[in-house]
There are 2 protein chains.
Amino acid sequence: MNPDYLARLQRYMNGIIGQKPEQWEPFISAFEYAEYPKKSFLIREGEVENYLYFILEGGTSSFFVNEGREKCLDLWFADHFVSSYMSFLTRKPSQIFIQALFPTKTLRIPHQVLQELYARRDESNKVGRLLAEGLYIARTQREIQFLSQTAEERYLDLMRKQPALIQQLPVKTVASYLGIHPESLSRIRKQVMP
Amino acid sequence: MNPDYLARLQRYMNGIIGQKPEQWEPFISAFEYAEYPKKSFLIREGEVENYLYFILEGGTSSFFVNEGREKCLDLWFADHFVSSYMSFLTRKPSQIFIQALFPTKTLRIPHQVLQELYARRDESNKVGRLLAEGLYIARTQREIQFLSQTAEERYLDLMRKQPALIQQLPVKTVASYLGIHPESLSRIRKQVMP
DNA sequence: CGCCGAGTTGAACTGAATCAAGAAACGTGG
DNA sequence: CCACGTTTCTTGATTCAGTTCAACTCGGCG
């Protein structure tokens, strides 16, 4: 494993919990390296999520399948955590798939190891707290956006905030992320372009 | 204040973090009692959320207003925590209102006090972690439901899981919670009833 | 009594889904 | 490196869930 990888995670931890290495050091050393080829799954529906992943390179889509259609919950890229977090927390089968959108390199921590850390070192709960808080905020922002904007507005927003993302991902992935079908995104693009 | 109220919070904490009073005792004693008349606001859009509330009696609606329409994010009742949690965490103005649906009694903890607790007692982060995790799960479940069910399915689901709620709340509140307009709920009820 | 907000009903409208068909891009194996 | 089959993308025609706007009813309350 590239030694720079742990440094990446350290830098991220520094950013969210501050300059107290003793708080995140045991946390960081509990991670293991794992790679996922493009289109492979970090987890499938029905499995119990055993890992929390920190993305080093690449990106993932979290989605569930309803009546044969993929419904994307979120996309995550380098320097973010991803997991079927509900399954990870509840130890129940995952309702979602997480799939690598590109060849993806991660550091991951097993559930068991994290739980032991929480139990053994009170201060490690701070990491877990900040993690859950961050995920909560992301979820809530997205829900507010879905309730207040049309598909076209969400698309324009995405173009403004993450233009690279629209270039790199297939239309069907972007459409699913926007909560619409590929045909609709196709029309929106035609509408918006000229 | 009714002394039973602290016991209520204690029982709840016991349920989520287990039988270690020393973990939640300093937490619980930091709460103060507060009442909200029906239709009053725990917080309004634009204000920074200063409290995390534990509901003793009554209930609340969390909503934002978009183009003059109320969009409900969640409803909470006795023995649950509520807050404009995104504002509480980020210290930025709240995007949402929280309004008492009935005369509502709460125990609330000020942001500052909770932060000091987090900083001074590592183990109190566990409470914060479990709280954020629980809120994350609720948000995610709701998002999955919105992406996979029609309004009628969501209504039938609510009837099955929370029939009392439909009785006690005005149609417009239930409609907003279901993500539709009162007219639409009216039609769905007619459709479903006979 | 009369008002006023809450709920219902109707008719027209709209954003997005659905179904179908064709064109373009992709990747896989020969 | 090309050929072939499979996805992916686009476009069109149609349908549908839910909105919008407007009118009307009902029940409580000053």
Select base, sugar-phosphate, or nothing to describe what B/P182 touches, counting heavy atoms under 4.0 Å on all strands. nothing
Of the listed nucleotides C/dA6, C/dT9, C/dT8, the one nearest the side chain of B/P170: C/dA6
For the pair made of NZ in A/K38 and P in D/dT8, what is the distance, rounded to whole Å? 10 Å
Under the rule for ring pair (Phe, Tyr, Trp, His ring centres under 6.0 Å), what residues qualify as partners of B/Y51, not counting sequence neighbours? B/Y53
For A/L73 against B/E143, the heavy-atom pair lying closest together: CD2-OE2, 3.8 Å
Working for ring pair (Phe, Tyr, Trp, His ring centres under 6.0 Å), residues B/Y33 and B/Y5: CA-CA 9 Å; B/Y33 180 75; B/Y5 290 159; 5.4 Å; yes
Only pairs at least two apart or in different chains count here, so list each ring pair (Phe, Tyr, Trp, His ring centres under 6.0 Å) that has a residue in residues 91-138 of chain A. A/F41-A/F97, A/F63-A/F97, A/F88-A/H111, A/Y136-B/Y85
Is there a side-chain hydrogen bond (donor to acceptor under 3.5 Å, both in side chains) between A/E123 and B/N125 once you walk through the steps? CA-CA 7 Å; A/E123 72 274 21; B/N125 281 292; over 6 Å; no
Take the protein atom NZ of A/K172 and the nucleotide atom C1' of C/dC26, then report the distance between them rounded to whole Å. 13 Å
Determine, for nucleotides 16-30 of chain D in 5'-to-3' order, which nucleotides have protein heavy atoms under 4.0 Å from the base (write B), from only the sugar-phosphate (write S), or from neither (write -). --SBBB---------
Rounding to a whole Å, what distance do you find between B/L169:CG and C/dA6:P? 14 Å
Is it true that the NZ or CZ of A/R154 lies under 6.0 Å from the centre of A/F146's six-membered ring and within 45 degrees of the ring axis? yes
Hey, does the side chain of A/K39 come within less than 4.0 Å of D/dT7's phosphate (OP1/OP2), counting only N and O? no
